[in-house]
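Structure first, then comments.
Position 1 is the first residue of the sequence; numbering continues from there.
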Amino acid sequence: MKTYAGIPEENASLENSKVVLVTVPYDGTSTWGKGADKGPELFLDASENMELYDIETGTEPYLEGVYLAGEVSENSSPEAMTEAVYQKTKELLETDKLFTLFGGEHSVSIGSIRAVGEKYDNLTVLQLDAHTDLRPEFHGSTSNHACAVFEANQKHNLVQVGIRSMDVEENQYLPEGRVFFAHEIANNENWVNDVLEKVSGNVYITIDLDAFDPSIAPSTGTPEPGGLQWYPTLELLRKVFEKCNVVAFDIVELMDSPYSKPTAFLAAKLYYKMLAYYHINRD
């Protein structure tokens, strides 16, 4: 039996786990760097090679259990993939465990956010990303990666962090007062607290790995210069878990490449840190 991070089977059963993890190896609409469909495999491999003691929190998050809930392999069309992710998320939300997802390109988040938003009122979607992803449709599809949070912005409180690339048409859809551009973050020592003021209640966190600077996360589909750094990002996430009820999160856009290991390991550590923050604020 394969388990998350190679943890003991007793910590990997649905019954004993407080966290469920779904993988979505989908890369059907990306337009430049291809290989995000290999992201879940790279993430799981890296997870097996990290230490399971978290120094910062003094905890071993795996002891709370992580259940590998399978993968969504539907790839006949972007819309079919979105529906499959939506149905899988709805099914797992009935377990009342923390729902987590690893992609795949960012379009995989559309279905999971939709399902989480149906279950939880007053949902804030916290998006860490280089790109706004606010197009209503792109290349003939509303389930394109460039549309990843358009629906979330229409239905929920969307907060965007790390943005440094967008099309002019997306200006009309920007959530007013809730976009934290990377160039502004670079000159604002108080940016973490400013973000926290906009985030409350039930929270879904969606992290495109291109939110990080390519110096620390180069293996993504469209790496953009001027991105987020590791420790300030962890500070933000830790404080979000302290303040809010994080009900789900996803990490997307890990791309296969000859230099994928540093980014894969960052993704593995990021996921595990988020589990640590979740558990210390639930006990």
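With a 6.0 Å radius and a threshold of 12 heavy atoms from other residues, nucleotides or ligands, E15 has its CD atom at or below the threshold. Around atom CD of E169, more than 12 heavy atoms belonging to other residues, nucleotides or ligands sit under 6.0 Å away. Annotation: E170, atom CD; neighbour count of heavy atoms from other residues, nucleotides and ligands within 6.0 Å is above 12. The number of heavy-atom neighbours closer than 6.0 Å to CG of N188, taken from other residues, nucleotides and ligands shown, is above 12.
Here the side chain of R178 pairs a donor or acceptor atom with the backbone of L158 at under 3.5 angstrom. Proximity of a side-chain donor or acceptor of N49 to a complementary backbone N or O of D45 within less than 3.5 Å is detected. Q160 places no side-chain N or O within donor-acceptor distance of the main-chain N or O of Q127, the cut-off being under 3.5 Å. Y67 contributes no side-chain N or O that, together with a main-chain N or O of L21, makes up a donor-acceptor pair within less than 3.5 Å. The closest donor-acceptor contact from the side chain of D129 to the backbone of V161 lies at 3.5 Å or more, if one exists at all. Not one N or O on the side chain of N202 forms a donor-acceptor pair closer than 3.5 Å with the backbone of Y120. Within the 3.5 Å criterion, the main-chain N or O of A5 finds no donor-acceptor partner in the side chain of S47. Panel note: side chain K38, backbone M255; no donor-acceptor pair is recorded below 3.5 Å. Proximity of a side-chain donor or acceptor of D213 to a complementary backbone N or O of G226 within less than 3.5 Å is detected. A donor-acceptor pair under 3.5 Å is absent between the side-chain atoms of N144 and the main chain of G140, judged by distance alone.
Salt bridge K273/E56: present, at least one basic N to carboxylate O contact under 4.0 Å. K155 has a carboxylate O that lies under 4.0 Å from a charged side-chain N of E151, or vice versa, which qualifies the two as a salt bridge. Looking at D96 and K119, a side-chain N of the basic residue comes within less than 4.0 Å of a carboxylate O on the acidic one, giving a salt bridge. By the 4.0 Å N-to-carboxylate-O rule, E184 lies too far from R164 to be salt-bridged with it. The pair E235-K239 counts as a salt bridge, with a side-chain nitrogen and a carboxylate oxygen less than 4.0 angstrom apart.
A distance of 7.0 Å separates NZ of K269 from CH2 of W230, quoted to the nearest 0.5 Å. The structure places OG1 of T89 at 11.5 Å from CD of E94, a figure rounded to the nearest 0.5 Å. Between I7 atom CD1 and L68 atom CG the span is 7.5 Å, to the nearest 0.5 Å. Atom OG1 of residue T23 and atom CG of residue D37 lie 11.5 Å apart, to the nearest 0.5 angstrom. Note that SG of C244 and CG of L126 are 8.5 Å apart. Values are rounded to the nearest 0.5 Å. Interatomic distance, N171 CG to M166 CE, rounded to the nearest 0.5 Å: 4.0 Å.
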- Determine, step by step, whether I205 and V203 satisfy the side chain to side chain contact (heavy atoms under 4.5 Å, CB included) criterion, reporting the C-alpha distance in whole Å, the side-chain angles of both residues, the deciding distance to 0.1 Å, and the verdict. CA-CA 6 Å; I205 303 173; V203 176; 3.8 Å; yes

- Task: Would you check, one step at a time, whether the test side chain to side chain contact (heavy atoms under 4.5 Å, CB included) holds for K18 with E64?
- Result: CA-CA 6 Å; K18 295 182 180 179; E64 303 289 353; 2.8 Å; yes

- Item | Intermediate values then yes/no, side chain to side chain contact (heavy atoms under 4.5 Å, CB included), F102 and V22 | CA-CA 6 Å; F102 200 96; V22 175; over 6 Å; no

- Task: Decide yes or no on side chain to side chain contact (heavy atoms under 4.5 Å, CB included) for F99 and V19, but give the supporting numbers first.
- Result: CA-CA 6 Å; F99 175 85; V19 177; over 6 Å; no

- Give the C-alpha distance, both sets of side-chain angles, the deciding distance and a yes or no for side-chain hydrogen bond (donor to acceptor under 3.5 Å, both in side chains) between Y272 and E51. CA-CA 10 Å; Y272 203 60; E51 302 287 0; over 6 Å; no

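No side-chain donor-acceptor contact under 3.5 Å links E71 and S73. The closest side-chain donor-acceptor pair between Q87 and E91, if any, does not fall under 3.5 angstrom. A side-chain donor from one of N157 and T124 sits under 3.5 Å from a side-chain acceptor of the other. For the residue pair E118 and Y86, a side-chain donor N or O sits within less than 3.5 Å of a side-chain acceptor on the partner. Using modelled atom types and a 3.5 Å distance limit, the side chains of Y204 and D250 yield a donor-acceptor pair. Side chains of E224 and H131: a donor-acceptor N/O pair is present below 3.5 angstrom, by distance only. The closest side-chain donor-acceptor pair between T57 and H279, if any, does not fall under 3.5 angstrom.
Linking Ile, Leu, Val, Met, Phe, Trp and Tyr residues whenever their side-chain heavy atoms come within less than 4.5 Å leaves I163 and V240 in two separate clusters. Residues I251 and V20 are members of separate hydrophobic clusters, defined by side-chain heavy-atom contacts under 4.5 angstrom among Ile, Leu, Val, Met, Phe, Trp and Tyr. Grouping the Ile, Leu, Val, Met, Phe, Trp and Tyr side chains by contacts below 4.5 angstrom, directly or via other members, places V199 with I207. V159 and V192 fall within the same hydrophobic cluster, defined by Ile, Leu, Val, Met, Phe, Trp and Tyr side-chain heavy atoms under 4.5 Å apart, directly or through other members. A continuous path of Ile, Leu, Val, Met, Phe, Trp and Tyr side chains, each step under 4.5 Å between heavy atoms, connects M274 with Y231, placing both in one hydrophobic cluster.
Two residues are said to be in side-chain contact when any heavy atoms from C-beta on lie closer than 4.5 Å; P40 and P25 meet this criterion. Side-chain atoms of P232 and L228, non-hydrogen and from C-beta on, never get closer than 4.5 Å to each other. Looking at V252 and V108, their side chains come closer than 4.5 Å, going by heavy atoms from C-beta outward. Taking the side chain as every heavy atom from C-beta outward, E105 and H145 approach each other to under 4.5 Å. Residues L128 and T206 form no side-chain contact, since every pair of their non-hydrogen atoms from C-beta on lies 4.5 Å or further apart. At a threshold of 4.5 Å between non-hydrogen side-chain atoms, the residues S112 and R114 do not count as touching. Using a 4.5 Å heavy-atom cutoff, the side chains of F212 and T233 are in contact. With contacts defined as side-chain heavy-atom distances shorter than 4.5 Å, the pair V247/V116 qualifies.
Using a 30° and 60° split on the angle between ring planes, Y277 and F241 fall in the tilted class, from 30° to 60°.
I216 approaches P218 most closely through the heavy-atom pair C-CD, 3.6 Å. Summarising the geometry of S219 relative to T263, their closest heavy-atom pair is N-OG1, 3.0 Å, with the distance given to 0.1 Å. Of all heavy-atom pairs spanning S143 and S141, the tightest one is N-OG, 2.9 Å. Considering all non-hydrogen atoms of both residues, N153 and P175 come closest at OD1-CB, 3.5 Å. Nearest heavy atom pair, residue G162 against residue I185, reads N-CD1, 3.8 Å. In terms of heavy-atom proximity, L101 sits nearest to G103 at CD2-N, 3.8 Å.
The aromatic ring centres of Y173 and F150 sit less than 6.0 Å apart. Aromatic pair F43/Y271: ring centres closer than 6.0 Å.
Remark: R135 is positioned above the aromatic ring of F138, its terminal NZ or CZ atom under 6.0 angstrom from the ring centre and at most 45 degrees off the axis.
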